[in-house]
Amino acid sequence: MRTFLLVAAVAFAFALGLLFVFRHPIRRGLRGSPEHATTPVAPPAPPISAPEDVPDVARRVRALQHAPEVQQLLEEFVRECARRGSPAVAELRARLANEPDVEIAPHWTFEDGRPRGFPSLRAAYIAALLEIPGTEARDALLGVLAATSSADEAYQIAAGLARRGESGFTAPALDRALKAGPGDVEVATEIVSLVARADPAGTAEEVIARSPRGEDGTDPARLAQALELLPADRAVATARGLLADPAVTRKGKERYLESLCNRGDPEVFATLREAANEGLIDRELRRSMAYAACRSRAFTLDQVAYAAAGPDAAPKAEIRERYARRLEEVERLVAAAVPADESSGPVLESLRRRLSDLRTALR
């Protein structure tokens with residue numbers, strides 16, 4: 001009996017020792033191991049399209065290209081970009097910088113500064129940027145304007161920024177207009193007209209800064225057009241400064257005088273007469289100015305309008321009065337610019353014949 005109790009005590013002590021050694025695994029088994037937890041795991045959320053993702057229309061545009069459906073496709077694209085707003089700007093800028101263009105129409109046609117339809121894929125990208133408000137889109141447009149070699153794109157951007165009331169486009173737009181080739185004369189003229197109306201001060205500064213000086217043989221004919229379109233007081237002030245600048249080339253001064261005379265404002269001729277009397281213009285340039293005044297485009301336009309008025313007396317009377325006031329100022333200008341002396345005889349006679357023709361033109 002004593003032996004049995006001793007063996008039982010040893011066995012019990014041994015069991016207690018095993019329990020002590022394996023106490024942690026036993027507890028984990030009773031509680032449940034975290035490695036085998038049965039808590040359900042939520043599935044990963046579906047990917048969400050980034051807000052800056054811009055629809056990729058280039059492939060479909062290349063496939064459709066000249067088909068009528070391409071215009072609807074690009075209209076929807078522009079609306080979608082406008083809906084996304086500024087997050088779409090970076091992608092549009094990148095596409096304009098890196099993506100090959102797709103020509104949709106061979107020629108651009110504008111209505112109030114807007115292209116009629118989308119003549120190219122780039123025109124749609126530009127239209128999309130113009131629909132996105134904010135400085136980010138504006139800066140992107142100015143970057144495209146500075147980099148483009150297309151006068152059409154330059155006009156689209158400049159006209160769009162002007163509609164938005166933005167600034168900063170005068171210099172790059174004028175730069176593109178002055179570099180335009182013979183096939184882009186019309187749109188280049190529209191650019192000059194646009195910047196002169198939208199930013200008279202900036203345009204006048206550009207005319208002064210870009211005028212040919214010294215040995216520069218550039219013909220600033222297109223630049224001089226701005227003087228026909230600027231407000232009269234600013235145009236005259238700009239021209240007076242250029243005429244008084246000895247560094248400005250004679251060709252440049254002749255162009256500026258011609259443009260001022262084409263305006264037809266009687267006040268402009270009066271101001272030019274004062275400049276001649278003040279000695280701001282040398283003898284040869286005064287003669288050039290006198291001839292430019294006699295062949296002012298304003299006289300021709302009035303003659304055409306007078307003939308088109310038909311029997312209606314009221315418009316004819318208004319045209320005749322305007323024409324007469326201008327002619328009177330031109331006669332005074334000629335007298336101041338080419339005073340009668342031995343050397344001026346043939347020139348003065350030629351000018352007088354021109355003035356006589358102008359007097360009898362409205363019949």
Side-chain angles (χ1 to χ4, degrees), residues 109-114 116 155 159 162 177 182 184-198 200 203-204 207 220-239 254-276 287-338 350-363:
T109 304
F110 287 92
E111 295 178 352
D112 298 326
R114 291 180 172 88
R116 183 181 296 170
Y155 184 40
D184 292 322
V185 171
E186 184 176 353
V187 71
T189 302
E190 290 295 331
I191 292 174
V192 174
S193 176
L194 169 71
V195 298
R197 293 193 310 270
T203 301
V207 172
R222 195 167 291 158
L223 186 65
Q225 291 173 358
L227 296 182
E228 297 184 43
L229 302 162
L230 288 171
D233 56 347
R234 191 175 294 278
V236 168
T238 302
E254 288 176 349
R255 289 297 192 190
Y256 301 140
L257 285 170
E258 182 179 359
S259 289
L260 279 180
C261 290
N262 279 334
R263 295 180 62 100
D265 304 325
E267 298 78 11
V268 169
F269 294 112
T271 301
L272 291 175
R273 183 180 76 248
E274 293 171 2
R287 292 185 174 186
S288 296
M289 178 177 64
Y291 277 108
C294 289
R295 60 174 180 263
S296 170
R297 188 184 302 121
F299 286 119
T300 304
L301 294 175
D302 275 350
Q303 291 165 14
V304 172
Y306 190 84
D312 197 336
K316 283 191 168 184
E318 181 181 348
I319 295 169
R320 186 182 290 277
E321 180 182 1
R322 180 174 66 238
Y323 190 96
R325 287 183 57 225
R326 184 187 309 116
L327 182 55
E328 182 179 352
E329 287 297 341
V330 170
E331 289 174 334
R332 292 176 179 175
L333 172 62
V334 168
V338 189
S350 172
L351 289 167
R352 284 171 176 167
R353 285 196 301 270
R354 291 171 182 265
L355 290 171
S356 177
D357 292 340
L358 288 173
R359 288 190 203 98
T360 60
L362 295 188
R363 293 184 183 275

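In this chain, residues are counted from 1 in sequence order. Basis for what follows: all heavy atoms, side chains included, without hydrogens, waters or symmetry-related copies.
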Taken to the nearest 0.5 Å, the spacing of Glu331 CD from Glu329 CD works out to 10.0 Å
Side chain Ser288, main chain Glu254, donor-acceptor under 3.5 Å:
no
Could you tell me whether Arg325 atom CZ has more than 12 heavy atoms of other residues or ligands within 6.0 Å of it?
no
Spatial distance of atom CG (Leu194) from atom OG1 (Thr189) [nearest 0.5 Å]
12.5 Å
Rounded to the nearest 0.5 Å, what's the gap from CG on Leu333 to CD on Glu274? Could you check?
11.0 Å
How far apart are the closest heavy atoms of Val268 and Val236, and which atoms are they?
CG2-CG2, 4.0 Å
Output every pair passing ring-ring contact (aromatic ring centres under 6.0 Å, His included) with a member in residues 301-320, not counting sequence neighbours, ordered by first then second residue.
none
List the steps, then state whether salt bridge (Lys or Arg N to Asp or Glu O under 4.0 Å) holds for Glu328 with Arg332.
CA-CA 6 Å; Glu328 182 179 352; Arg332 292 176 179 175; 2.9 Å; yes
Answer yes or no: are there more than 12 heavy-atom neighbours, outside Arg114 itself, under 6.0 Å from its atom CZ?
no
Heavy-atom closest contact (Leu351 atom, Val334 atom, distance):
CD1-CG1, 3.9 Å
Looking at every non-hydrogen atom in both residues, tell me the closest pair between Pro231 and Arg263 and how far apart they are.
C-NH2, 3.9 Å
Would you check if the side chain of Lys316 reaches a backbone N or O of Gly310 as a donor-acceptor pair within less than 3.5 Å?
yes
Glu186, CD: over 12 other non-hydrogen atoms inside 6.0 angstrom:
no
Taking all atoms of both residues into account, what is the closest heavy-atom pair of Ala204 and Thr238, and its distance?
CB-OG1, 3.5 Å
CG/Leu260 to CE/Met289 distance, rounded to the nearest 0.5 angstrom?
10.0 Å
What distance do Leu355 atom CG and Thr360 atom OG1 have between them, rounded to the nearest 0.5 Å?
11.0 Å
Note, Asp184 side chain near Glu190 side chain (heavy atom, < 4.5 Å)
no
Locate the shortest heavy-atom distance separating Leu229 from Ala196; write the atom from each residue and the value.
CB-CB, 3.8 Å
Extract all donor-acceptor atom pairs below 3.5 Å that involve side chains of residues 290-300 and protein atoms in other chains or at least two apart in sequence.
from: Tyr291; atom 1: OH; to: Ser350; atom 2: OG; distance (Å): 3.2
from: Ser296; atom 1: OG; to: Cys261; atom 2: O; distance (Å): 2.6
from: Ser296; atom 1: OG; to: Ala298; atom 2: N; distance (Å): 3.2
from: Arg297; atom 1: NH1; to: Glu228; atom 2: OE1; distance (Å): 2.8

d(Arg326 CZ, Glu267 CD) to nearest 0.5 Å is 10.5 Å
Just by distance, with hydrogens left out, do Ser193 and Arg197 show a side-chain donor and acceptor under 3.5 Å apart?
yes
For Ile191 and Ala177, which heavy atoms make the closest approach, and how far apart are they?
CG2-CB, 3.8 Å
